[in-house]
Amino acid sequence: MKAVRMIEVGQPLQLQEVPVPAIGDGDILVRVRAAGICHSDVHYRAGRSPVKPLPMTLGHEVAGVVEQAGRLVTSIRVGERVCLHYNITCGECYYCSTGNEQFCGNVLMLGHYTNGGYAEYIAVPARNAIVLPDEIPFEQGATLMCASATAFHSLRKSRLKAGEAAAIFGVGGLGISAIQLARAFGALDVFAVDINQEKLQLAAHYGAIPIDAGRVAPAAEIRKLTGGKGADVAIELIGLPQTMRQAVQCLGALGRAVIAGISDRPLEIDTYRELLGNEVEIIGSNDHLFQELPVLLELARRKVFDTSRVVSRVVPLDADAINQALDELEQFASGVRTVIVP
Ligand SMILES: [Zn+2]
Ligand SMILES: [Zn+2]
């Protein structure tokens, strides 16, 4: 089969002819129908987040059709449409057995530590597959497995309740999901902070109140728009110390800021005025849980959550096209979400 693979750090991915993976008794073989190209893949190709072993087929946002099922597989049938949870965990360690499998020490992430979806076929344990409802196209199912799932997990971590006000920092793939999901959680006002006019317009289309951080100070603006009270929840999806700080500063008493944007730089806050004085919480959010994915898919199936505008471009399983999409992401040249359709 064809697979587009990372051979060497910092080099373009290459198309290789490799054997169709063999499956074990508990595994399924999935014919890939869609694989999302994610910003993380840019970091992998550049070597900022080590991929091992090389060569490796990238791609952790995968949807397809079950082609073969192992002898012991009962949960899923050949011919079913599925999308894949990208973390293959051991199921037995302390974190797995307490429902927090994103901390499993033996995790094999698809397209990072084990071959992913930039290929015609992929083999995974059957327990990593979730049935993809007919109403959701493969391309959308694939992207739901990463950005939207991470946004959903962040909102669950925030404990957002009906009637509260939420501020979403960053209107990218995660932000568009977070805005809609915050409304599904019952937020009355959802503020969307960004500096890109197109993104702010899209945020408004999904019912958010756009805050142009290039024009106003977001924390003060949110405070003003909430009658001085501040937001109950802020979700930071950008990964800059400045926007993390704004996420904390826009909160009212008992507010919760969830940090999901990745940065290796420190966050400085005024510990009295911005944290303990208001009993504010700063919460980290990492990845998502398998158990969250069926709920997310059901929200998408019921159109509580519109994913139709997430995917903006489709490319074939072609190394040049994929490298070009990665180059564009590397340069932040576009907010375009590209999906490979082999
Ligand atoms: Zn991703
Ligand atoms: Zn484990």
Side-chain angles (χ1 to χ4, degrees), residues 38-44 46-50 102-103 146-147 150-160 165-179 182 190-200 203 208-226 230-288 329-335:
C38 179
H39 211 138
S40 303
D41 298 329
V42 177
H43 298 309
Y44 299 160
R48 285 188 290 271
S49 175
Q102 79 270 47
F103 306 116
C146 185
T150 303
F152 187 48
H153 184 68
S154 301
L155 281 162
R156 289 191 65 219
K157 295 288 290 184
S158 79
R159 312 191 305 280
L160 176 64
I168 310 297
F169 286 76
V171 188
L174 279 87
I176 287 298
S177 299
I179 288 165
V190 178
F191 302 98
V193 182
D194 208 294
I195 50 172
N196 178 306
Q197 299 310 314
E198 226 173 292
K199 290 180 176 178
L200 288 169
I209 299 160
I211 309 271
D212 181 352
R215 209 174 44 80
V216 294
E221 186 71 8
I222 290 167
R223 200 163 290 282
K224 192 173 93 192
L225 293 171
T226 51
D232 299 291
V233 158
I235 312 282
E236 202 283 341
L237 303 166
I238 300 168
L240 292 173
Q242 185 194 359
T243 45
M244 290 178 186
R245 179 150 196 210
Q246 289 166 352
V248 175
Q249 289 172 331
C250 79
L251 296 174
L254 302 172
R256 289 90 66 198
V258 176
I259 309 294
I262 297 171
S263 170
D264 56 5
R265 286 188 279 159
L267 163 62
E268 260 184 52
I269 52 163
D270 177 334
T271 50
Y272 177 68
R273 281 177 359 122
E274 293 170 8
L275 188 71
L276 69 95
N278 275 330
E279 292 202 353
V280 154
E281 295 171 56
I282 301 174
I283 301 166
S285 178
N286 186 25
D287 267 337
H288 57 270
L329 283 175
E330 175 91 67
Q331 292 146 17
F332 284 100
S334 63

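Residue numbers count from 1 along this sequence.
- The two residues A247 and E236 make their nearest non-hydrogen contact at CB-CB, 4.2 Å.
- Salt bridge K157/E281: absent, no basic N to carboxylate O contact under 4.0 Å.
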Trace of the side chain to side chain contact (heavy atoms under 4.5 Å, CB included) decision for L329 with D41: CA-CA 9 Å; L329 283 175; D41 298 329; over 6 Å; no
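- Between I209 and L225, the closest side-chain pair of non-hydrogen atoms falls below 4.5 Å.
- Between the side chain of R265 and the backbone N or O of L240, no donor-acceptor pair lies under 3.5 Å.
- Between A213 and P218, the closest heavy-atom pair is CB-CG, 3.8 Å.
- Within a 6.0 Å radius of CZ in R48, more than 12 heavy atoms belonging to other residues, nucleotides or ligands are found.
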Full working for side chain to side chain contact (heavy atoms under 4.5 Å, CB included) between L237 and I168: CA-CA 8 Å; L237 303 166; I168 310 297; 3.7 Å; yes
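- At least one side-chain heavy atom of I259 sits under 4.5 Å from a side-chain heavy atom of I282.
- Rounding to the nearest 0.5 Å gives a distance of 5.0 Å between CD of E221 and CD1 of I211.
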Check against side chain to side chain contact (heavy atoms under 4.5 Å, CB included), C250 and F169: CA-CA 11 Å; C250 79; F169 286 76; 3.9 Å; yes
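- In this structure, I176 and A203 approach most closely via the heavy-atom pair CD1-N, 4.3 Å.
- With rounding to the nearest 0.5 Å, the separation of CG in D194 from CD1 in I238 is 6.0 Å.
- Distance CZ/R256 to CG/L254: 8.0 Å, rounded to 0.5 Å.
- A distance of 9.5 Å separates OG of S154 from CG of N286, quoted to the nearest 0.5 Å.
- Two residues are said to be in side-chain contact when any heavy atoms from C-beta on lie closer than 4.5 Å; V193 and I222 meet this criterion.
- R159 has its side chain within reach of I283: a pair of non-hydrogen atoms, C-beta onward, lies under 4.5 Å apart.
- The structure places CD of Q249 at 12.0 Å from CG of N278, a figure rounded to the nearest 0.5 Å.
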Pair D212-Q197, side chain to side chain contact (heavy atoms under 4.5 Å, CB included): steps then yes or no: CA-CA 8 Å; D212 181 352; Q197 299 310 314; 2.9 Å; yes
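- Here the closest heavy-atom approach between residue L251 and residue A234 is recorded as CD2-N, 3.7 Å.
- Minimum interatomic distance between E330 and A46 (heavy atoms only, all atoms of both residues): OE1-CB, 4.3 Å.
- Atom CD1 of I269 sits about 8.0 Å away from atom CZ of R245, to the nearest 0.5 Å.
- Of all heavy-atom pairs between S285 and V258, the closest is CB-CG1, 3.5 Å.
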